[in-house]
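Worth knowing before you read on, the calculation uses all heavy atoms, side chains too, and leaves out hydrogens, waters and symmetry mates. All ligand and atom numbering here is 1-based and tracks the order in the structure.
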Amino acid sequence: MNWTGWRHGGYAAGLPENVRIFDTTLRDGEQAPGFSMNPDEKLRLALELEALGVDVLEAGFPIASAGDFEGVERIARACQSVRVAALARATPGDIRRAAEALRPAARPLLHVFMATSDIHLHHKFHKTRAQVLEEVPAMVALGRSLVAEVEFSAEDATRTDPEYLVAVLDAAVAAGATTLNIPDTVGFTVPQEYAALIAHLRSRVRGADHIIFSVHCHDDLGLAVANSLAALAAGARQIECAINGIGERAGNAALEEIAVALHVRQEMFPYTTNIVLEKLHATSQLLTEITGVAVQPNKAIVGRNAFAHEAGIHQDGMLKSPLTYEIMTPRTVGRGEHEMVLGKHSGRHALQVRLAHLGYQFDTTQMQAVYERFIVLADRRKVIDDNDLHRIARDLAATPAAVS
Ligand code: KIV
Ligand code: ZN
């Protein structure tokens, strides 16, 4: 494996290539503590995800429960413009159940997975490499006999011997897999290493040119998005991700971060997606509403503070030009205006603009007095709201001339 030597555009050069967005909010995301959803809730979110423009919608793990089966089946029936995927371990029972749930789908995708690292083989399955190498193609072939498209995932791929991984993926392709997913199941890899692994697999797996290479990164080291993006330059053309980055443990790569990074840094990532960016915020909010789990305030793109400015220097810059401190407008991702939060770090400029917005105008001397009152209050409170400003302004506006 060699990190140097590969470059963007590993596929045919020319027009920007499309990267498939595979959404796993309803499967890996739903699997995380506190995020489980009933079939009605899943269907509601699935319709929103379809409108958002995801290419693949992983609807659940049908063997897991009757509710999961029902969720997948109802989504397969309702979401006809998107590929609907269902997860199955590499066993006949799982595969048949997933295929059954997918029956109403217009574009079904069966997602079969099997762990390939020695750690998993030894501790989880007590299986030999040879056994797994025999079972994977048999199960992929069974899947292909039931569903037209089969994705094979080599669970814990990033801790698997790369030579053995090539052998397993070769066997999966020979048996009919149409997509190969290379999960960083435990969030262990780093961008350079992951890109080198994808490049290695693309150059070594037989028939790789006709296969979509997919990435699926967990965020245990906070690198899920960076790893996913790094893999594109090495030839990956599908990214598995979840709204708000939900998923097992620290979660999956955040869909909104992937989509917006590709949009904002087009010169670095010459790829397109079908995501309607303006719907990102509403989709994130719907997930929060359904699960009752709020996103952290400082979360990129969808967090409450993602477009809020409190420091005086930043507010002054923003008032002069939003280019100073914002790399996208809030409207790009379907949010309203950016927010100027007035607190103890805020400066006179933002305070004056807010007061003017509320109808108050002060001369320089009065403004100094208002600012001093504001800072005393702000030292005691986290945030100063408009009611506080009205109070300060009225107290200090002894002369009617000061109030417009
Ligand atoms: O993280 C993982 O390896 C998975 C697989 C089932 C794709 O979620
Ligand atoms: Zn996962």
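By the criterion of a heavy-atom distance under 4.0 Å, neither the backbone nor the side chain of Glu248 is placed next to ligand 1. The proximity of Glu240 to ligand 1, defined as any non-hydrogen pair under 4.0 Å, does not occur for either the backbone or the side chain. Only the side chain of Arg27 comes within contact range of ligand 1, with a heavy atom under 4.0 Å; no backbone atom does.
Rounded to the nearest 10 degrees, the angle NE2 (His216) to the Zn ion (ligand 2) to OD2 (Asp28) equals 90°.
Interatomic distance, CZ of Phe152 versus CG of Leu169, reported as 6.5 Å (0.5 Å rounding).
When Asn252, Thr158, Thr185 are checked for heavy-atom proximity to atom 3 (O) of ligand 1, Thr185 turns out nearest.
Annotation: cation-pi geometry not satisfied between Arg237 and Phe213 (NZ/CZ under 6.0 angstrom from ring centroid, within 45° of ring axis).
The local environment of CD1 in Ile313 is sparse, with at most 12 non-hydrogen atoms from other residues, nucleotides or ligands closer than 6.0 Å. Under a cut-off of 6.0 angstrom, the local environment of CZ in Arg249 is crowded, with over 12 non-hydrogen atoms contributed by other residues, nucleotides or ligands.
Take Arg144 and apply the salt bridge (charged side-chain N to carboxylate O under 4.0 Å, His left out) test, not counting sequence neighbours, and it matches no residue. In this structure, the salt bridge (charged side-chain N to carboxylate O under 4.0 Å, His left out) partners of Glu257, at least two apart in sequence or on a different chain, are Lys299.
The ligand atoms of ligand 1 that sit less than 4.0 angstrom from a heavy atom of His111 are 7 (C). Within ligand 1, the atoms closer than 4.0 Å to a non-hydrogen atom of Ser153 are 7 (C), numbered from 1 in the order shown. Set against the non-hydrogen atoms of Glu155, the atoms of ligand 1 under 4.0 Å away are 3 (O).
Residues His390 and Tyr360 place their aromatic rings such that the two centres sit under 6.0 Å apart.
For a threshold of 3.5 Å applied to N or O pairs, the pair formed by His218 and ligand 1 contains at least one separation below that value. When only interatomic distances are considered, the shortest N/O to N/O separation between His216 and ligand 1 falls below 3.5 Å.
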